[in-house]
Amino acid sequence: MVSKTDDIPASVPNCNPVDLAREGEIANSKDTSKTALKDPCACGHRGDTAVMNGVAGHDQAEEAVSKQDSSADAEDDNEQEVIVIQDTGFTVKIQAPGTEPFDLQVSPQEMVQEIHQVLMDREDTCHRTCFSLQLDGNVLDNFAELKSIEGLQEGSLLKVVEEPYTIREARIHVRHIRDLLKSLDPSDAYNGVDCNSLSFLSVFTDGDLGDTGKRKKKGNELEQIDCTPPEHILPGSKEHPLVPLQPQNKDWKPMQCLKVLTMSGWNPPPGNRKMHGDLMYLYIVTVEDRHVSITASTRGFYLNQSTTYTFNPKPANPSFLSHSLVELLSQISAAFKKNFTALQKKSQKLVFPRQHRHRLACLRQELIEASSRLGDEEHIPGQTRDWNEELQTTRELSRKNLPERLLRERAIFKVHSDFAAAATRGAMAVIDGNVMAINPGEETRMQMFIWNNIFFSLGFDVRDHYRELGGDAAAHAAPTNDLNGVRAYSAVDVEGLYTLGTVVVDYRGYRVTAQSIIPGILEREQEQSVIYGSIDFGKTVVSHPKYLELLEKTSRPLKVQHHAVLNEKDTAVELFSSVECKGIIGNDGRHYILDLLRTFPPDLNFLPVEGEELAPESKKLGFPRQHRHRLACLRQELIEAFVEHRYLLFMKMAALQLMQQKANKDKTAALHDTSTADAESESKPQALETSEKVPDGMPTSPTSSESTLTPDDSEATTMSEKSAPENQEAPADLKSANTNGTHEPSAAEKQNGGCDSLLKGKEADENIPGLAQAKELAESLAAEDGSGIDPKSQEVVLNACKAVGSISNTSFDIRFNPDIFSPGVRFTDDSTDDIQKQKQLLKDAAAFLVSCQIPSFVKDCLDHSSLPMDGATMTEALHQRGINVRYLGTVLEFVDNMPAKAQIEHIYRIGISELITRCAKHIFKTYLQGVELSALSAAVSHFLNCLLSSFSDAVAHLPADELVSRRKSRKRRNRVPGGGDNTTWASLTPSELWKNVNSEAQSYYHFSLQCESADQAVEKYGLQKLTLLREISIKTGVQILIKEYNFDSRHKPAFTEEDILNIFPVVKHVNPKASDAFHFFQSGQAKVQQGFLKEGCELINEALNLFNNVYGAMHVEICACLRLLARLNYIMGDHPEALSNQQKAVLMSERVLGIEHPNTIQEYMHLSLYCFANGHLSTALKLLYRARYLMLVVCGEDHPEMALLDSNIGLVLHGVMEYDLSLRFLENALAINSKYHGPRSLKVALSHHLVARVYESKAEFRSALQHEKEGYTIYKNQVGEAHEKTKESSEYLKYLTQQAVALQRTMNEIYKNGSNASIMPLKFTAPSMASVLEQLNIINGIIFIPLSQKDLENLKAEVQRRQLMQNSGKIEEQQASQLELDDKLPVDD
């Protein structure tokens, strides 16, 4: 609800009223802040990018603080940098052979190479690959930037000149033509080849989104819309088919241009033909069945006289010599010419250029490659890339200004993507047995491999390296821990310190670690190379001054404490990392660190240590628990949250003591009592996890409590905003943390773990007595090293430091010693106190996780500010709060014991299915290791039958040849690691598998499932087998055939081996970030919150440019950017633009995250709203039905988000007068809202109102009255009678009563007088589209302040008058006129 007085004054001076007025409505600042913020939750930068917290290290932390300080000058800098990029683009003319010259917009930063790419993407020039660009007869260097080319300016003419082919160019050309011919064939997308992936949006939009046609006449339009959804989408439907997941795309009907295009058997050309310029021979069969042989020569392509059986390379007559293969084929085959043109038209309709490579749909790995501009270097035999050199050189690029940073980030992203792709291919080759080991004599588990300059090792405990830490379990966990360490160190990005390229691949039950190779490491023994750290877990330890200097820079952001350990000679060795972290100087002179598996401190809840007692909070929950291995670490997000929690505690204790000192001085006992009581009630360490983060550069400065807006922040707000229908539930201070310093706490922030009384931004600072002085004191201490400050104040800080466990006595500084409790590590005698302190700190952090973070996660789920829909989104929500998934059992128990369990039943259900599928994944891993390649599909289908099918007697079908006894001679072949008895897998039974799942749940998650079969689990926990199938496939990388599976048949198993199509690797790697783009994105969000919509929009557009610059065409962060832009366009009244941006966001989400990812579902919902606003009613409905179908597959009907979706569907159906259908959806939404928000929630009141409106349209006034009364009662009880909503409801009730009475009179009249009755015409209102849209906006959390034309004119006149007055300086009058203006703006929500 918006009250007239509070909000508008803020929005009028802030916005530029003229711009907004032009759009036809002024959006008020607070509500736009909500709208804009509804989304960032879905941004790619979730927990792991807590932007500036420690992760980003000194330089960036300071840079970030200055960027986000939003002080005027920082903004100006931003603006200037923006201008540098935007204003300098220019247009050049391009003339290609046989086409008209056309204009091309280019920017000076681009390389000539990029113009090549554009030409290869354009319809009329796409068949050319071997050409150069010439300016006035001079050939341009492909790798030159445009700004460095002399004479290139606005309007220059660039000529495309055909160049002679080389073998490499000829191969690239043929490959490119094959790509063009396959551009609409979905098989590459299904197989994830070259990063293709699926998208089905076009099936639902029928391509009508581009033309925003005016709405047709109402009558015809309503007849044309077929509104009936398929049976399985209706509320309450029991069947959930799988086939509609991939609707048939009309464009995918194959358009055959050629039957065969392949290399001829006559390759390579013999010497005498080479001297005639022959490069290679192709064999082609055209659609007309003509078999031809083609020579690729240096001059182009021509027909030769060879046939299948005779070699005659002489040119045929006519030879049709053409520079491009397409031109040649168009001359010899009419069908080719016709179909190729049609194919081009269709592919050009796709929103993104075809060439853009893109992440595999079936792998949930966000590996998006930028378009492959640089030829196809990898496909050339004998040429391997020096990955290590590339990875490290890109890091060394200069980063002084924006263009340099962009270039650097783009290079880092590109090399990382290429490396991850190469490592994934290599890991698969290793497991499939296609790579020779470097130590072939050893047992298969111990083998190591080198392929394409990447080193591969398997996740087994070889040579008892991890014996004390948990053997194979530890060896399996170590690579992911190491990867997290690499992520953390590369995010800190200290110059001079290098990490290895690291990718962890899980494939066919094996874990493979792929690493780039340090130059020279293979020539020497490890003992000689390591000059820092330990190779035997702390028995021998060495150190090195250069490493200490480099690692010291990382110690503050990563919260690692400087400590000394004893080596074998009992001498102390100083370290700034854990002992396992090894430092090696490569032959290239760079300082590398590797084995970062203990970057973060151990998690004592899962590390029982003799003689150590945990905190009571942990003990109460049954910790410490025995874990599989001793490498369990706390997450970086937890450490950040814990330090933040301690910082607030530190501030409060200092404040309390300062007050006490003051009180003692004044000797006024009364004051003394009150302040102590006050401050004590404040300083009880309550569950606290605010969304603010401390920028690391300066832990004690006051800016730490001024929040920079982090994604968590915005997520919290937006979601709580979702939970308030017309934002009535949301308190007035819902505006999330403003980025310009003043921190207004968001609703969600206050609710986190009950930290209500804690620091509430600035205004609360004044309420806690002494806090301001404490801040000043802390600041001055930090500035002056504590000298020159009176001893009493020093003592205050000293006490506060001691109380919170700070390692320094003069300032707040919490760090952890990662070597505490490491077996085999010994500390010096003089550090005993320090070690005790560190042990206590670790216990406190472990207790903080269970007593604060888990409850705060559950609380967020309870107030719906966190809305996970599937296992992945739930895991992400846990990780954001620093909770490891091994706590899943604890979280589920906590939920189970909540009094309000019914309101978070969806969380419990998602948690249980996540737990079951994770246990199944653990079992599946070892199960697959015993399976030979030829039996893989049989084994996988057998496992899925045992897990999901109701058929109790699942028998494995062994392939026939498997049963023939093996000849001994085959033993020596380089067998896949871990062979063994190859048919043991076939003996698995469903009851045995479920027994294992139960014991795994008990031993790993400490949760008792008590399910003996799939059916029992479905029954007991309300799960869906389809959802379990989706989760297990994603986790294990299994691809199955799309068809209807009968899970419940008791007579035959659900899966056969033909249903298992493929098994993909699941890949984890580092995600390099585009930091500048992200800063622009954040400043844009901040602007929008302050009500500067237009400036916000510009900044976000700029962020979009920068993201595109760094990541290429597709990336999750670009998706988030487009979504926010669409939202802003919509609020500012530009509906067609909103539609166009949101359409791109949907396509991108489908391709980058997956067609049924929860984010994609949300994108579909936004798109349908914008479609409705543009008058595409049938498309809006189709999109909503698609979203509902996907949601049924992902999490079933019983989920709070389903209520929003059903309200949307119900409203649109109401708009097209499908009242009965509309009621089914709206009543379902009402039921779900009542269940999850409680019957007295404002959301429920709104649901009642929507249902009443439909009944009114049906003239069923009694039912309408009943529902509206319910709504009215809720409003009256929740917001009081004086509230606008209550009044509206009461007005509507009166109207309904009048209508009901009128109807009754008419009926009585009819009964009494029969056919002579004089009947009053009754008003049956069909809803207007505007009113439906208004309700749609309300339920989706978007609020406008409509202005009439007259108001707009007044506003414009007002603005002009003000400008005149400003010139003459009459400020008082201006303020008076401001008040008048406020009266003229009607407010309506």
Side-chain angles (χ1 to χ4, degrees), residues 556 559 561 601 604 613-618 638-664 672 675-690 692 694 698-702 704-705 753-755 757-759 764-765 768-782 786 789-817 820 831-849 851-853:
R556 169 163 266 170
K559 317 275 186 286
Q561 193 194 2
L604 294 192
E613 286 275 303
L614 285 185
E617 298 96 318
S618 297
L638 181 88
I639 288 167
E640 300 294 342
F642 177 69
V643 170
E644 170 68 10
H645 168 76
R646 284 291 164 106
Y647 177 68
L648 287 173
L649 209 58
F650 167 80
M651 278 311 198
K652 278 222 237 27
M653 304 200 80
L656 167 60
Q657 291 179 5
L658 284 170
M659 286 313 292
Q660 284 177 333
Q661 282 187 7
K662 192 172 166 207
N664 295 343
H672 176 91
S675 74
T676 319
D678 237 17
E680 260 170 13
S681 66
E682 295 281 347
S683 68
K684 287 189 184 114
Q686 286 154 327
L688 159 73
E689 190 249 350
T690 48
E692 307 171 29
V694 185
M698 35 211 189
T700 48
S701 76
S704 327
S705 70
C755 46
S757 57
L758 294 179
L759 216 58
D765 291 4
I768 300 178
L771 197 61
Q773 291 112 297
K775 279 194 167 174
E776 268 171 44
L777 176 62
E779 201 174 17
S780 53
L781 275 171
I789 289 177
D790 71 281
K792 275 200 171 151
S793 305
Q794 275 181 1
E795 184 193 335
V796 165
V797 173
L798 177 70
N799 293 340
C801 284
K802 272 194 184 147
V804 296
S806 165
I807 57 168
S808 143
N809 286 334
T810 55
S811 68
F812 174 83
D813 191 359
I814 285 192
R815 302 189 196 186
F816 294 87
N817 176 344
I820 302 271
S831 61
T832 324
D833 283 357
D834 204 26
I835 297 303
Q836 243 359 82
K837 252 178 154 176
Q838 279 294 330
K839 285 183 177 174
Q840 191 50 49
L841 204 55
L842 282 179
K843 291 174 190 172
D844 292 350
F848 173 71
L849 194 156
S851 65
C852 297
Q853 295 304 78

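Numbers here are sequence positions counted from 1.
Note that CZ of R556 is 13.0 Å distant from CD of Q561, once rounded to the nearest 0.5 Å. Expressed to the nearest 0.5 Å, how far CG of L648 lies from CE of M653 amounts to 13.0 Å. Atom CZ of F650 and atom CG of D813 lie 10.0 Å apart (nearest 0.5 Å).
K792 contributes no side-chain N or O that, together with a main-chain N or O of Q661, makes up a donor-acceptor pair within less than 3.5 Å. Panel note: side chain Q840, backbone I835; no donor-acceptor pair is recorded below 3.5 Å. The backbone N or O of N817 sits less than 3.5 Å from a side-chain atom of Q838, completing a donor-acceptor pair. Here the side chain of S806 pairs no donor or acceptor atom with the backbone of I814 at under 3.5 angstrom. Side chain of S618 to main chain of L614: no donor-acceptor pair is present (N/O by atom type, distance under 3.5 Å, no hydrogens or angles). Of the possible donor and acceptor atoms, none in the side chain of Q853 sits under 3.5 Å from a partner among the backbone N and O of L638.
In terms of heavy-atom proximity, V797 sits nearest to S811 at CG1-N, 4.4 Å.
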(request) Evaluate the side-chain contact (heavy atoms from CB on, under 4.5 Å) criterion for residues D844 and R646: first the C-alpha distance (whole Å), next the side-chain angles of each, then the deciding distance (0.1 Å), finally the verdict. (result) CA-CA 10 Å; D844 292 350; R646 284 291 164 106; 2.9 Å; yes
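Using bins of under 30°, 30° to 60° and over 60° for the plane-to-plane angle, the ring pair F816/F642 lands in the tilted bin.
Taking the side chain as every heavy atom from C-beta outward, M651 and F812 never approach each other to under 4.5 Å.
No side-chain donor from either of Q794 and N809 sits under 3.5 Å from a side-chain acceptor of the other.
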